[in-house]
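Since the structure comes first, as structure tokens, the remarks are kept for the end.
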Amino acid sequence: MKNIIVQKFGGTSVADTDKIKNVAKAVIREKNLGNDVVVVVSAMGHTTDILTKLAKEISPNPSSREMDMLLSTGEGVSIALLAMALQAQGCKAVSMNAMQVGIITENVHSKARILEIKTEKIKQHLDSGEVVVIAGFQGITDDFEITTLGRGGSDTSAVAIAGALSAKRCDIYTDVEGVYTTDPRIVPCASRLEQISYEEMLELARVGANVLHPRAVETAARYNTPVRVRSTFKLENLGTLILGVDKMELHRPVTGVASDLSQLRVVVCDVPDSPGTAAVLFDGLAEENVSVDMIIQSYARKALNTNDIAFTIDKTDLDKTKEILEKVKSKLSFGNIFIDDKIAKISIVGAGMIDHPGIAAKMFRTLASLDINIKMISTSEIKISCLVEQSRANDAVEALHKVFGLDSNEIAEVKGDLPNI
Ligand code: ASP
Ligand code: MG
């Protein structure tokens, strides 16, 4: 039996007909390597934004069912044009939408999760030698309602289809050359990673390296499907392979450094030092869907019997949070509230840090040597984050990138052996 490779091409890769012809070449190239190929595509260029704008011209608040009906058409255009481009280049191909494949989702509009992907029809087409071109982003409910997976959702479609077909690999073709050790706009000597684990990729995705939709990474981890992020415009480059940590060679404790400027810090002073206080405060936030990231409760001041509690939230949740705190005040007495919106969360991520003690100390030492004050700290098994003054964020990223050996001149030596995927 042949290996199945799933290829996904994003909006920029299919932005016009010349680009679509170019994508067809990349598809044929993969097929000529002796693989069965399934292609997942997004809508052309900015189509989804343009359709959204049309809807807003009709109504400020269009129904989510009709929005899904509208937005799902974008991917429909791309699959037909790509199948035509393949046929024109002499390659047997067939386009399929979510209804024809049977991409079954929850009954939720605009952000549905995939429940099941039927594979019979895809396999029949593959068996008759065709490339199957499938619309990303869309799904259907078991009641034949059309749904979409949320913006950026075609990454998830591709990875889920790869999982359902037990594909050898899912290649996400995009306009960047892979996943980098940090943002190359901040650190010009950032290097492209040859490989990264699902867990590390998820942490980096959450702290602002937005190459891949986090849900796509979660889906890949669930099926243990290797994913390559690579450039449509430089086909000879292999990009970055994302895979299970068990298949990786761990050479370094730290894989990437990220900076996140999207949060602010709220400090609630003088809350009572008694059981249930934190529960009242954070229940209030949770009820209104405000997600809290870092939390610090200070050491109780015995004489006053109070604590200070500080936490970080997304900047966009500030007004909601202020309202919630006003309401909470009837159940919980507290003093002043301070808001600090000039902060940055700097994180180092690496599956290898589990086996290397002293990584946190090294991070703190590096920040101290630059006279950068740490306002909050949080850790997970494979991530350490420090909250610092926003004006020092780039200095911190640059220094940490260097001290953990990620600058491109140093990383070249530690590539190691790559698994043959
Ligand atoms: N076309 C959809 C969007 O623009 C889905 C995708 O591109 O992943 O969000
Ligand atoms: Mg996209």
Side-chain angles (χ1 to χ4, degrees), residues 6-17 19-20 22-23 26-27 38-56 62 64-83 95-99 101 103-106 108-114 117 132-140 145-164 170-176 178-179 201-202 205-206 209-220 225 227-233 239 242:
V6 175
Q7 299 182 301
K8 184 258 168 179
F9 295 91
T12 42
S13 307
V14 293
D16 57 43
T17 46
K19 293 210 167 99
I20 291 176
N22 197 45
V23 163
V27 175
V38 174
V39 188
V40 175
V41 279
S42 294
M44 292 172 71
H46 297 289
T47 303
T48 312
D49 293 326
I50 295 166
L51 292 172
T52 305
K53 190 163 164 282
L54 284 181
K56 293 271 143 99
S64 54
R65 180 188 187 277
E66 301 312 329
M67 273 312 281
D68 279 355
M69 187 64 90
L70 178 69
L71 296 188
S72 67
T73 62
E75 273 67 15
V77 172
S78 310
I79 52 170
L81 290 176
L82 180 56
S95 64
M96 293 180 88
N97 64 22
M99 177 99 70
V101 173
I103 300 178
I104 315 296
T105 71
E106 316 168 306
V108 179
H109 287 294
S110 84
K111 50 172 188 298
R113 284 174 176 269
I114 296 174
I117 295 178
V132 185
V133 185
I134 301 176
F137 181 53
Q138 46 176 263
I140 53 159
E145 286 294 308
I146 291 177
T147 55
T148 62
L149 309 182
R151 295 305 305 266
S154 44
D155 288 348
T156 305
S157 308
V159 175
I161 288 169
C170 179
D171 284 349
I172 306 278
Y173 285 86
T174 174
D175 46 4
V176 295
V179 181
M201 189 64 217
L202 268 179
R206 285 201 195 99
N210 44 26
V211 190
L212 254 191
H213 204 265
R215 204 190 280 175
V217 185
E218 280 164 19
T219 308
T225 307
V227 174
R228 251 188 211 294
V229 175
R230 58 196 294 180
S231 163
T232 315
F233 308 106
I242 310 170

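Note that the coordinates shown come from a computational prediction; the quantities given were computed from them, not determined experimentally. When a ligand or atom number is given, it counts from 1 through the structure's own listing order. Excluded from the calculations below are hydrogen atoms, water molecules and symmetry mates; all remaining heavy atoms, backbone and side chain alike, are included.
With a 4.0 Å heavy-atom cut-off, ligand 1 is reached by the side chain of E75 but not by its N, CA, C or O.
Within the 4.5 Å cutoff, the side chain of V14 has no heavy atoms near those of the L82 side chain. M201 is not listed as a side-chain neighbour of V227, based on a closest heavy-atom distance of 4.5 Å or more. Contact check for R113 versus R215: side-chain heavy atoms found under the 4.5 Å cut-off.
In terms of polar-atom proximity, defined here as any N/O pair under 3.5 Å, G152 does make such a contact with ligand 1. The N/O atoms of K8, backbone and side chain alike, include none that comes under 3.5 Å of an N/O atom in ligand 1. Residue D155 has no N or O atom closer than 3.5 Å to an N or O atom of ligand 1.
Those atoms of ligand 1 that come under 4.0 Å of a heavy atom in R151, given as number and element, are 3 (C), 4 (O), 9 (O). Numbered from 1 in the order shown, with element, the atoms of ligand 1 that lie under 4.0 Å from a heavy atom of S42 read 6 (C), 7 (O), 8 (O). Of all atoms in ligand 1, listed by their number and element, those nearer than 4.0 Å to a heavy atom of S154 are 5 (C), 6 (C), 7 (O), 8 (O).
Among K8, R230, Q7, the one residue that satisfies the side-chain hydrogen bond (donor to acceptor under 3.5 Å, both in side chains) test with D171 is R230.
The shell of residues lying under 4.0 angstrom from ligand 1, judged by heavy atoms, excludes G74.
The shortest heavy-atom contact between S13 and T232 is OG-OG1, 2.7 Å.
Side-chain contact of D68 with T147: a donor-acceptor pair under 3.5 Å is absent, judged by distance alone.
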